[in-house]
Amino acid sequence: MILYHPSMALNMGDYGISIPIHTDKNKMVLDTLKAGALKDIPETLWLRGPEFFAEIAQEDILRVHSPDYVHRLFSPGGIDKEIIEAYELDTLSGNGKRWNPSKLARPLKDFLTLSLINAGGTYTCGLTALEFRTGKQTGFACFLGGGNHHAQRDYGKGFCIINDVVVSLRKLQAEGRIRTAWVVDTDAHKGDGTAALTWGDSSIRTLSIHMERGWPLNEPGYDPNAVYDPSVSTDFNPSFTPSDIDIGIPEGRDADYIPRLAEGLSRLEELLPRPDIALVVGGVDPYEKDELASTKPLQLTKETLFDRDMLVYNFLRERHIPTAWTTAGGYGAYSWEIHVNFLGHIMPQRTAAAHL
Ligand SMILES: [Zn+2]
């Protein structure tokens, strides 16, 4: 089942922001699937819209983020500042790189509204994956959105205000729907917020495969040879908190990506066998055609990204682990192609076999 909400498309230009987020990325994915691979399949069999989206309440966010941060997010005087920091608008506006406040045509608090829909979408994605788990069939749902994996307990970061990944898993746990989970994060950037927010909790095991160098691991104080152990010291940037399995791919070593991911998935299974759900942060910004400058160290081809997605999908399906897939990062005019290749391949098979 695919989940889509039309309100997810914010036009960055309306806020004076120059980030190469394709406004219609998720709509492009949906429209291309409708016109192509899924055109002969009734939409009721594979698509769910806004009426299915659950709402996320403040108490859900408070399981993950600090009360002070949540207060700032929901206070009229605080939200703009949080958005400016999470999108690094202020620090870069001096050279006109990312933000021109004089072109602000809509309120920045729209980003909070978007983040809440986003978190609702990821949670609903989890619910839907669990709903379609029947007998030996593996439930699968893909939310065209989600994966705000950089948001930390006390602040937003990297275009992420609310960490929908952890908020959703904590909500599913609190409701007794799951006990354990894997997070499989294949976005180009390390899933640093998710690692910090789940550190020390053996009920959620995290794998992140990402650029070995570069943001957020290029921030001041980072030492690639250090052991960052929050049980010993919290005196470091939370972004340096290790995931249970971190796989850093050095620049120029793209050929290692698939074998190292396969090996990492096996290690994840050793750490926590048979979780109740897997949440995939399936960013496509490692794509060679991605237009965000910070993703340059990874240059994966369309074919490698298809192999990547199928490796993760089949690994989970063969183990009958309900799979909630989010689309996460992907910038510029071409990122939608990667999701279409993957979903256009698996969804006809799933609907034909009624494994929705
Ligand atoms: Zn990313």
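What you are looking at is a predicted structure, and each value in this text was computed from that prediction instead of being measured. Atoms within a ligand are numbered from 1 in the order they appear, just like the ligands themselves.
D187 contributes atom OD1 as its closest N/O/S atom to the Zn ion (ligand 1). The atom name of the N/O/S atom in H189 closest to the Zn ion (ligand 1) is ND1. The N, O or S atom of D285 lying closest to the Zn ion (ligand 1) is OD2.
Residues passing the side-chain hydrogen bond (donor to acceptor under 3.5 Å, both in side chains) test with Y313, sequence neighbours excluded: R350. When the side-chain hydrogen bond (donor to acceptor under 3.5 Å, both in side chains) test is applied to S243, the partners found at least two apart in sequence or on another chain are D246.
Classified by interplanar angle (parallel below 30°, tilted 30° to 60°, perpendicular above 60°), the ring pair W325/F140 is tilted.
The nearest N, O or S atom of H149 is not closer to the Zn ion (ligand 1) than 2.8 Å.
For E82 and Y87, the side-chain atoms include no donor-acceptor pair closer than 3.5 Å.
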